[in-house]
Amino acid sequence: MINNIGFPKEFLWGGALAANQCEGAYLEGGKGLTNVDICPSGENRLKVMLGDVKSLTTVDGETYPSHEAIDFYHKFREDIALFAEMGFKCLRVSISWARIFPNGDDKTPNEEGLKFYDEMFDEMLKYNIQPVVTICHFDIPVSLIKNYGGWINRKLIDFYEKYTRTIFERYKNKVRYWMTFNEINMLLHLPFLGAGIRFKEDDDKNLIKYQSAHHQLIASALATKAAHEIIPNVMVGCMLAAGVSYPHTCNPRDVQRAMEVDRENYFFIDVQSKGKYPGYAKRFFRENNIEIKMEPGDEELLKKYTVDYIGFSYYSSRCASADPEVINKLTEGNVFASVKNPYLKASEWGWQIDPLGLRITCNTLFDRYQKPLFIVENGLGAVDKVERDGSIIDDYRIKYLREHIKAMKEAILDGVELIGYTPWGCIDLVSASTGEMKKRYGFIYVDKDNEGNGTLERRKKKSFFWYKNVIKSNGEIL
Ligand code: BG6
């Protein structure tokens, strides 16, 4: 009997993209420049994303992968038709804030930008593909950084609120699923990317990061409020870069450390989902002289407007240790590196592969929040080879996804309420961390290399046909 529990009939199978990594057309249609548009590819990228930003313009001699990306801006019809062919029930995209408010603080929205997303959503709905929309996936109008200093300035809450009310009014009949900030916890790790923060030498970095986080959390609550006022039946989610931390050994110090590492990330979701600052965060602030400036009414807003579901990305689990010797043995991961787990293999970029970790992460999040979960990113970044006959045999990707979908099934059997799955970069796009094209996640290959050469032609990989069957059988045929 229990074995008959599979994916719910209305399960949202799909794929995920972000405007800054796929659209290109970075100054077309009235769009303004964003922080991501000045993140170069190559060795300077990380420095910039971390907040060491010399100039808020593009610099001669650098290349900027977001400027053309995969030209989804002009090719979205063709691409959505391919997603429809795979049977997508939903597509996660993001709206670029600077297409709607080019400077962020403009009096009126840019009609051309609004129209562009109207057309994109209409194209999805034509095939019964539900849009799942991230309101801010890393891209912040540069003017808001230049003139206000990014999210450290409380004024950004008003600009964001205006932006969200504008898009909710405009798309209220087209979009039901929203997420306020992509991987909100990334702000701690890549402050320029996540919050438009630039540091000066003597800055108290933690204070600046957590004050900016407070502003985003209030903005998220206000967006949730607005969405519920404007859109009937709306579902507003938060979005966490997830992946549970295992203690490196059963030494209680390692267990304590793993809990602390997790709490750094859960902090955001605890506020967005439970509606208040958790005790462990207050202690951390006290002990580190971090005094968050709040305004009257802030706590009530956080309490009243909590999210409806928990969106998260999962690429791998993490591992934590309190032992200084062990801490040196790091492996790469989704931006923040972790202690190497000797039981796991890794991708070509060093991200450790752990499908069981997805089941554990789902259970942990569901136990903690008791709200529906939506896996809005997961996948394997890998180098693909185009064979002589033009085919791309990406069995490694199929294997990765198959094992993770099996883990999702187990989580559902465990009692987790899971509403959807949108593997990352369902069509190849620019890598957020490295700016590369050769780190590919897609079911659809895009002819473009790291240097920007290529025809941008689209090509179905083996995984395209495999995923089509997965969706058709509602996860039964893997
Ligand atoms: C997440 C982001 O961090 O991981 C995406 O939300 C990103 O924007 C994805 O692309 C995969 O990371 P990367 O660095 O391989 O592109």
Side-chain angles (χ1 to χ4, degrees), residues 5-8 11-16 90 92 132 179 182-183 185-186 237-247 258 261-262 265-266 269 273 309-320 331-336 338-347 349-382 396-426 441 443 463 466-467 470-471 474-476 478:
I5 302 177
F7 290 97
F11 191 75
L12 290 168
W13 296 99
C90 74
R92 177 182 174 222
V132 175
M179 269 170 282
N182 180 63
E183 298 191 334
N185 50 321
M186 211 48 103
C238 52
M239 193 329 196
L240 168 76
V244 74
S245 298
Y246 304 138
V261 171
D262 274 345
N265 299 309
Y266 294 149
I269 311 305
S273 181
Y309 68 95
I310 312 293
F312 66 98
S313 61
Y314 176 87
Y315 292 91
S316 68
S317 54
R318 302 181 179 116
C319 189
T331 179
E332 289 304 319
N334 188 7
V335 177
F336 27 116
S338 124
V339 169
K340 206 174 204 145
N341 183 333
Y343 299 97
L344 301 177
K345 294 209 175 79
S347 77
W349 273 264
W351 297 23
Q352 295 199 296
I353 300 171
D354 182 15
L356 181 53
L358 177 57
R359 176 176 170 192
I360 298 169
T361 300
C362 285
N363 274 278
T364 308
L365 292 176
F366 193 65
D367 285 353
R368 197 174 180 105
Y369 300 115
Q370 293 288 301
K371 289 190 180 173
L373 303 185
F374 198 154
I375 303 171
V376 294
E377 283 184 36
N378 171 239
L380 178 73
Y396 36 89
R397 181 167 296 110
I398 294 173
K399 182 165 180 248
Y400 177 102
L401 295 171
R402 178 189 291 129
E403 294 310 313
H404 284 77
I405 294 173
K406 279 189 195 161
M408 284 156 46
K409 247 189 197 175
E410 293 294 333
I412 292 173
L413 281 171
D414 293 334
V416 168
E417 195 184 332
L418 195 58
I419 55 177
Y421 179 58
T422 56
W424 176 248
C426 45
Y441 287 88
F443 303 111
S463 57
W466 170 81
Y467 193 46
V470 173
I471 298 178
N474 201 25
E476 286 308 308
L478 293 173

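Every value quoted in this text rests on a predicted model; they were computed, and no experiment measured them.
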Do side-chain atoms of [X] reach the backbone of [Y] as a donor and acceptor pair under 3.5 angstrom?
X	Y	result
T361	V244	yes
R359	A407	no
N474	F7	yes
R92	V376	yes
K409	G475	yes

Measuring from atom [atom1] of [X] to atom [atom2] of [Y], what distance do you get when rounded to the nearest 0.5 angstrom?
X	Y	atom1	atom2	answer
L365	I360	CG	CD1	12.0 Å
M179	F374	CE	CZ	6.5 Å
R397	L380	CZ	CG	6.0 Å
F312	N265	CZ	CG	13.0 Å
S273	I310	OG	CD1	3.5 Å
L240	I269	CG	CD1	4.5 Å

Looking at [X] and [Y], what are the two nearest heavy atoms and their distance?
X	Y	result
P423	G14	CD-O, 2.9 Å
V132	Y309	CG1-OH, 4.4 Å
A320	A258	CB-CA, 3.7 Å
C319	S338	N-OG, 3.0 Å
V261	S245	CG1-OG, 3.5 Å
V339	Q352	O-OE1, 4.2 Å

Check the orientation of H404 and Y314. Use parallel for under 30°, tilted for 30 to 60°, and perpendicular for over 60°.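 H404 and Y314: tilted rings.
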
Look at the aromatic rings of Y467 and W13 and report parallel, tilted or perpendicular, splitting at 30° and 60°.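 It falls in the perpendicular class, over 60°.
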
Student check: side-chain heavy atoms of [X] and [Y] closer than 4.5 Å:
X	Y	result
F366	D414	no
Y343	L356	no
F11	L418	yes
S313	E183	yes
V470	L401	no
L344	I353	no

Set out, in order, the CA-CA distance, both residues' side-chain angles and the distance that settles side chain to side chain contact (heavy atoms under 4.5 Å, CB included) for Y400 and Y441, then state yes or no. CA-CA 11 Å; Y400 177 102; Y441 287 88; over 6 Å; no

Only one of Y421, W424, Y315 passes side chain to side chain donor-acceptor pair (under 3.5 Å) with N378; say which it is.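 Of Y421, W424, Y315, side chain to side chain donor-acceptor pair (under 3.5 Å) with N378 is met by Y421 alone.
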
